[in-house]
Amino acid sequence: MTLKTPSSNCLNIFIDKCSFGRGVFAAENIAQGEVILTFSGRIITLDEALSKGEKSGNPLQIDTKTYIDIEEPGVIVNHHCNPNAGIINTYTLVALIDICKGEEIFYDYSTTMSENSWTMECGCSATNCRKIVKDFHYLPSSIKQKYLELGIVQKFIVTEHELMSKINFNNQL
């Protein structure tokens, strides 16, 4: 199965060189809450994602063992520990703040990760940089709460988080 998106969906962005190699940039001002793009690509399994070797971090996790082998431009959107965009409704990248024309677009990869098999060294150089990108469950509590309130955490991770919170609560009784 392949997820397709309308080509008109990406008129407000362009791909260019950046400190990470290539990145996605705003071709015009993008308002907070505006849709930037919808991720598309072939649906693959965890095993297929892991078999990609060096590129095993490219697929977007959308369920416990299900991924989208995302295509350009989505695969070019870089990680940042202080993102200006986030993913809602599994596939849709939206602006978390107003993004100015020419500004690079980033999301926090941890909001889509819960597999305990992939990490990445972070080079975003934000003051709150975590240095290593890991699964959502390893984020500091305040950042998890912020992302949950913004609604930019994959649904399956929200379910896992709620279950883990119940277990932790019950263990405290």
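Fair warning: this is a prediction, and the values are worked out from it, not measured in the lab. Positions are given from 1, in the same order as the sequence printed here. The figures here come from the full heavy-atom set of this structure, side chains too, leaving out hydrogens, waters and symmetry mates.
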Problem set entry | Output field: ring centroids Phe39/Tyr91 closer than 6.0 Å |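 No, the ring centres sit 6.0 Å or more apart.
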Exercise. side-chain hydrogen bond (donor to acceptor under 3.5 Å, both in side chains) with Asn116: which residues, sequence neighbours excluded?
Worked result: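 Partners of Asn116 under the side-chain hydrogen bond (donor to acceptor under 3.5 Å, both in side chains) test: Tyr138.
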Problem set entry | Set of residues satisfying salt bridge (Lys or Arg N to Asp or Glu O under 4.0 Å) with respect to Glu115, sequence neighbours excluded |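 Testing Glu115 for salt bridge (Lys or Arg N to Asp or Glu O under 4.0 Å), a comparison that skips the adjacent residues, returns none.
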Exercise. Considering residues at least two apart in sequence or located in another chain, which fulfil the salt bridge (Lys or Arg N to Asp or Glu O under 4.0 Å) criterion with Asp135?
Worked result: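 Salt bridge (Lys or Arg N to Asp or Glu O under 4.0 Å) list for Asp135, sorted by chain: empty.
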Exercise. Is the shortest distance from a Lys or Arg side-chain nitrogen in Lys65 or Asp47 to a carboxylate oxygen in the other one below 4.0 Å?
Worked result: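 Looking at Lys65 and Asp47, the cut-off is not met.
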Exercise. Is it true that Glu72 and Arg22 have a side-chain N and a carboxylate O under 4.0 angstrom from each other?
Worked result: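 Arg22 and Glu72: salt-bridged.
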For this session: Measure the spacing between CG of Asn128 and CG of Asn82 and express it to the nearest 0.5 Å.
Result: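 That separation rounds to 5.0 Å.
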For this session: Measure the CD-CD1 distance between Gln32 and Ile30 for me, rounded to the nearest 0.5 Å.
Result: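 Between Gln32 CD and Ile30 CD1, I get 12.5 Å after rounding to 0.5 Å.
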Enumerate, atom names and distances included, each donor-acceptor pair closer than 3.5 Å involving a side-chain atom of residues 143-152, sequence neighbours excluded.
| residue | atom | partner | partner atom | Å |
| --- | --- | --- | --- | --- |
| Lys144 | NZ | His137 | O | 3.3 |
| Gln145 | NE2 | Glu149 | OE2 | 3.1 |
| Tyr147 | OH | Asp108 | OD2 | 2.7 |

Exercise. Closest heavy-atom contact between Ile36 and Ala95?
Worked result: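 Scanning both residues, the minimum pair turns out to be CD1-N, 3.6 Å.
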Problem set entry | Test side-chain contact (heavy atoms from CB on, under 4.5 Å) applied to Cys100 - qualifying residues, sequence neighbours left out |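 Listed in chain order: Asn29, Glu103.
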For this session: Sequence neighbours left out, what passes side-chain contact (heavy atoms from CB on, under 4.5 Å) with Thr64? Give chain and number order.
Result: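 Thr64 satisfies side-chain contact (heavy atoms from CB on, under 4.5 Å) with Phe156, Glu160 only.
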Exercise. Is any side-chain heavy atom of Pro59 closer than 4.5 Å to a side-chain heavy atom of Ile44?
Worked result: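 When only atoms from C-beta onward are counted, Ile44 and Pro59 do touch, with a gap below 4.5 Å.
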